[in-house]
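A quick write-up on the structure given underneath.
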Amino acid sequence: VFACHKDMFYRFMNNGKINWRRIIYSVFRQLYSRVSRKTTLKSDIKCVIIDDTDLPKTGFKTEKIGKVFSHTQMKPILGFKAMFLCFTDGVSQFLLDFSLHGEEGKRSDKPQGLSKKQAEARYSKKHSDDECITKRSTEYLSSNIETAISMLKRSIIEGVRFDYLLVDSWFTCTELLKFVVSRHFGCHLIGMIKMGKTKYETNRGTKTAPELIKALQKSKSVKYSRSIGYYTATISAKLSGIKINLFFYRKGKNGNWNALLTSDLKLDAKGVFRLYSRRWVIEVAHKEMKQNLKLGKNQ
């Protein structure tokens with residue numbers, strides 16, 4: 001296809017000046033416009049999804065390698081976290097942005113969970129300020145929320161418009177909620193919340209999610225939705241002064257309660273459930289990239 005040797009591709013891949021984000025958005029715009037014209041299936045609702053995945057490694061010589069906490073294995077592993085921004089219209093899915101992350105760790109004597117010998121064994125190279133790799137390198141120890149907001153800002157600048165941002169409980173927070181509801185084109189957040197200590201202002205008082213569902217059960221506000229197969233309960237609330245709705249879901253009479261938060265006050269429990277189920281496409285994307293495209297397996 002190309003009149004060149006394999007070394008050209010390696011030089012291209014290793015070139016720190018390549019602006020991968022500009023390339024990805026350029027490919028997305030071309031692909032999405034062609035797919036939209038040719039497909040007979042149409043969807044009016046557009047969503048973006050943010051999620052991260054583990055990239056386990058085995059050697060200590062990779063640049064910036066360190067230990068990160070894996071939420072799937074529930075323990076620290078050697079490797080990276082890769083965060084992705086995904087766009088879906090219910091018909092097609094596209095990845096728009098990415099970033100690689102590490103974690104500083106809790107021990108000052110073992111930064112990133114590595115001993116002094118292991119840290120010194122890592123490859124290192126000084127990058128000039130005009131290289132795109134320098135900017136990506138500064139993001140390495142940034143927080144997930146800070147990076148997520150940066151990704152969303154870039155997508156909006158690139159002309160991407162969406163109706164809902166879908167995130168799991170690791171990303172649902174006040175900062176992200178405030179950012180989304182303040183956008184001028186009118187988008188909303190749908191996120192799973194932790195059944196933890198975060199307090200919500202309601203007409204039943206300021207309570208945590210577990211306290212709210214207990215109160216809703218006592219007042220017999222729980223209903224069974226045959227269309228989605230879950231017991232559901234709904235309550236209006238405020239988080240940091242922003243009006244939201246909380247939806248509680250339980251599978252069966254003895255299952256555990258889970259809850260979703262949304263800033264769109266027009267949606268009911270069934271609508272929120274069906275929209276949030278689209279978040280699964282990014283999990284499928286992670287699996288397919290790892291299996292078919294060797295994500296995390298190459299240098």
Side-chain angles (χ1 to χ4, degrees), residues 6-7 9-25 27-28 31 48-88 93-105 110-115 118-125 127 131-148 150-151 154-155 166-171 279-299:
K6 62 182 174 66
D7 293 345
F9 290 103
Y10 287 117
R11 284 198 301 273
F12 174 69
M13 295 289 286
N14 289 326
N15 189 343
K17 294 183 179 181
I18 299 295
N19 190 334
W20 289 106
R21 285 172 173 147
R22 185 173 293 173
I23 293 171
I24 291 170
Y25 273 108
V27 170
F28 161 71
L31 272 178
V48 291
I49 310 158
I50 290 177
D51 197 19
D52 59 9
T53 185
D54 300 334
L55 300 183
K57 295 288 184 181
T58 54
F60 289 94
K61 294 191 176 181
T62 309
E63 188 174 14
K64 290 188 176 293
I65 193 73
K67 289 188 177 179
V68 294
F69 187 80
S70 170
H71 297 300
T72 53
Q73 299 183 38
M74 296 306 292
K75 66 176 185 179
I77 61 168
L78 183 70
F80 301 98
K81 288 272 188 183
M83 190 187 297
F84 292 94
L85 176 67
C86 178
F87 173 89
T88 177
Q93 291 79 44
F94 300 89
L95 289 171
L96 303 180
D97 208 339
F98 72 98
S99 62
L100 287 177
H101 293 272
E103 295 171 1
E104 196 68 75
K110 293 185 75 175
Q112 293 186 253
L114 303 182
S115 66
Q118 290 168 337
E120 288 175 350
R122 295 183 297 183
Y123 172 82
S124 64
K125 180 181 178 181
H127 304 290
E131 291 185 298
C132 292
I133 197 172
T134 308
K135 188 175 181 181
R136 292 200 296 272
S137 186
T138 58
E139 297 173 348
Y140 182 69
L141 292 174
S142 300
S143 72
N144 283 359
I145 303 305
E146 187 183 333
T147 307
S150 296
M151 283 185 175
R154 273 195 299 271
S155 70
L166 312 177
V167 291
D168 64 11
S169 59
W170 300 105
F171 289 89
R279 201 198 70 82
W280 188 248
V281 301
I282 199 168
E283 303 289 356
V284 176
H286 289 161
K287 184 179 179 184
E288 291 185 344
M289 285 191 295
K290 289 177 179 179
Q291 285 185 343
N292 303 328
L293 303 177
K294 307 301 179 189
L295 174 67
K297 296 290 175 65
N298 44 12
Q299 289 182 337

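Counting from 1, the numbers follow the sequence of the chain as shown.
Looking only at distances, no side-chain donor or acceptor of Lys290 sits under 3.5 Å from a matching main-chain atom of Leu55.
Not counting sequence neighbours, Glu288 has no partner by the salt bridge (Lys or Arg N to Asp or Glu O under 4.0 Å) test. Asp97 meets the salt bridge (Lys or Arg N to Asp or Glu O under 4.0 Å) test with Arg21, Arg154; sequence neighbours excluded. Partners of Thr138 according to the side-chain hydrogen bond (donor to acceptor under 3.5 Å, both in side chains) rule, which considers only residues two or more places apart in sequence or in another chain, do not exist here. For Lys67, there are no salt bridge (Lys or Arg N to Asp or Glu O under 4.0 Å) partners two or more places apart in sequence or in a different chain. Residues satisfying the side-chain hydrogen bond (donor to acceptor under 3.5 Å, both in side chains) test with Gln118, not counting sequence neighbours, are Ser115. In this structure Lys110 satisfies the side-chain contact (heavy atoms from CB on, under 4.5 Å) test together with Arg107, sequence neighbours excluded.
Side-chain contact check for Glu63 versus Tyr123: some heavy-atom pair is nearer than 4.5 Å. When side chains are defined from C-beta on, Arg136 does not count as touching His127, because their heavy atoms never get closer than 4.5 Å. The shortest distance between side-chain heavy atoms of Glu104 and Pro111 falls below 4.5 Å. Using a 4.5 Å heavy-atom threshold, the side chains of Val27 and Phe94 count as separate. Taking 4.5 Å as the limit, some side-chain heavy atom of Ile77 sits within range of a side-chain heavy atom of Val68. Counting heavy atoms from C-beta on, the side chains of Ile49 and Gln93 never come closer than 4.5 Å. Inter-residue side-chain proximity for Leu295 and Phe98 is flagged as unmet; no heavy-atom pair is nearer than 4.5 Å. The shortest side-chain heavy-atom distance between Phe28 and Leu95 does not fall under the 4.5 Å cut-off.
When all heavy atoms of Phe84 and Ile282 are compared, the closest pair comes out as O-CD1, 3.8 Å.
By the 6.0 Å contact criterion, CH2 on Trp20 is enclosed, its count of non-hydrogen atoms from other residues, nucleotides or ligands being greater than 12. Surrounding OH of Tyr10 are at most 12 heavy atoms belonging to other residues, nucleotides or ligands under 6.0 Å away.
From Met83, atom CE reaches atom CD of Glu139 across 9.5 Å, with rounding to the nearest 0.5 Å. Within the model, atoms CG of Leu85 and CG of Asp51 stand 11.0 Å from one another, a figure rounded to the nearest 0.5 Å. Note that CD1 of Ile133 and CG of Asn19 are 12.5 Å apart. Values are rounded to the nearest 0.5 Å. Residue Met151 holds its CE atom at 11.5 Å from SG of Cys86, rounded to the nearest 0.5 Å.
Ring-plane geometry between Trp170 and His71 is classed as parallel, the angle between the planes falling under 30 degrees on a 0 to 90 degree scale with a further cut at 60.
Results of the side-chain hydrogen bond (donor to acceptor under 3.5 Å, both in side chains) test with Lys81 over Asn144, Thr53, Asp54 single out Asp54 as the only residue that passes.
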